[in-house]
Structures are given as structure tokens and as C-alpha cells.
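The structure under discussion appears below in the form of C-alpha cells.
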Amino acid sequence: MLKFISSIFVLLTLVFFMMAVLFNPIFQAENIEYQIEKNYKLDETLRLGANFVNEFEFKNGVLPTDKEYIEWASTQKQLEPYSLRNTFLVKNKGDIIFRLSDTSLQKKSFGTPPDGTYLIGIWRGEWHEFYVSWTQSTTLIFTPRDYFMLGSATMDFLLLLFISIVFGFVSIVLWKR
């Protein structure tokens, strides 16, 4: 039985070692820079949508309907790969709270949406990003340290390496019993 448990620890050692290799700062810097570059393009798209909604509300005293927003977005110059045609407007308070309750968005606290506020959303390929009208901010991340558990690739790498060493040591101790 101890040999079986030891085998499981060997597998955990390999998993955490591979994670450490993947979190190696050498590999992460370029990926993070690429994500941040994409985030700036997404931010531009989301803010263009927000500008339309704000101007519409100023002129008409109400937020645009979904149809009005979609019609406007379809006429806009496309900012590839993140086109305004791929954005959507969320006005219902319950839908707003639901959209922002995603655990990946919990790092940023937007508070409770006041009445008459909205989100502009866009699908980025794996998850949605949003412009949050009542804070005039987005769910996008622009600082490299926010991409890591401990604030840097080096610290994440060292933590995962340490965990893999501990699991490796435990597996050796259990195997010898």
C-alpha cells in the first residue's frame, strides 16, 4: 500500500515539476507581454463601445436597446481581431451581477452595480472581458505581476519547484518503508 501511495507522490512530483518548468520566467515573459498587448487592443474596442453608449444616453436620456447597439457596432470600422461586431451590451442588473461573479474576475472588486449602468462584453476566445460603466474600468489585466500566484514568474517557479521536491522526497521516504 505504501508503494502505491509512493507512486502517487511520484506522479505529483512530475506534475508539479512540469508546472514549474512551464512557469519558468524565461518562458513566461514573452507570453505575458503578448497577453498585455492583446489586452490594450481589447480595451480600445470596449471603450469605443462604451463611448457610443454614453453618447447615446446623453442624447436620448436612456441606454440604447440591444438592437440599437448591435446596429451601431455593425457599422463601425473593425479593429481586428477584436471587432466591435463581437461586443454585446448587458443592462439588466441581475445579468450584470451574474457576469461579474465569475471567479476569474474576483480579483477586481467592482461593487454592486447602480441602477442605469451597463457592461460592454467581448469574448476573447476562452473567456469574456467587460467594460464596467460605473467604475469606467475593464476586467482586463495590464500589469505582469497580476498574472502570477505570488506576483512574479520567479516566485511561482520556485514555489512549484519546492512543492515538487517535497513530493519527491515524500515518495522516496514512502517507497523505502
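By convention here, the first residue in the shown sequence is residue 1. As the structure is a prediction and not an experimental result, all values here were calculated from the model.
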### Query
Any luck finding a side-chain donor-acceptor pair between Y69 and T87 under 3.5 Å?
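Present: a donor and an acceptor within the cut-off.
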Any residue meeting side-chain hydrogen bond (donor to acceptor under 3.5 Å, both in side chains) with [X], in chain and number order, not counting sequence neighbours:
X	answer
S133	none
Y118	N54
S74	none

### Under-4.0 Å salt bridge between R99 and D95
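Not counted as a salt bridge, because no side-chain N and carboxylate O are separated by less than 4.0 Å.
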### Query
Can you name the residues that form a ring pair (Phe, Tyr, Trp, His ring centres under 6.0 Å) with Y40, not counting sequence neighbours?
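For Y40 the ring pair (Phe, Tyr, Trp, His ring centres under 6.0 Å) partners, ignoring immediate neighbours, are F142.
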#### Entry: Results of ring pair (Phe, Tyr, Trp, His ring centres under 6.0 Å) for W123 - residues two or more places apart only
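W123: ring pair (Phe, Tyr, Trp, His ring centres under 6.0 Å) contacts with H128.
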Using the test side-chain contact (heavy atoms from CB on, under 4.5 Å), find all partners of [X] that sit at least two apart in sequence or belong to another chain.
X	answer
F162	V166
V15	M19
Q35	K38, R124, Y147
K59	none

#### Entry: Listed once per pair and sorted, the salt bridge (charged side-chain N to carboxylate O under 4.0 Å, His left out) pairs that draw on residues 7-20, sequence neighbours left out
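Found none.
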### Task
Would you please name every residue forming a salt bridge (charged side-chain N to carboxylate O under 4.0 Å, His left out) with K93, sequence neighbours left out?
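K93 satisfies salt bridge (charged side-chain N to carboxylate O under 4.0 Å, His left out) with D115 once adjacent residues are dropped.
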### Message
Taking salt bridge (charged side-chain N to carboxylate O under 4.0 Å, His left out) as the definition, give me every residue that meets it alongside E71, ordered by chain and number, with sequence neighbours left out.
### Response
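K67.
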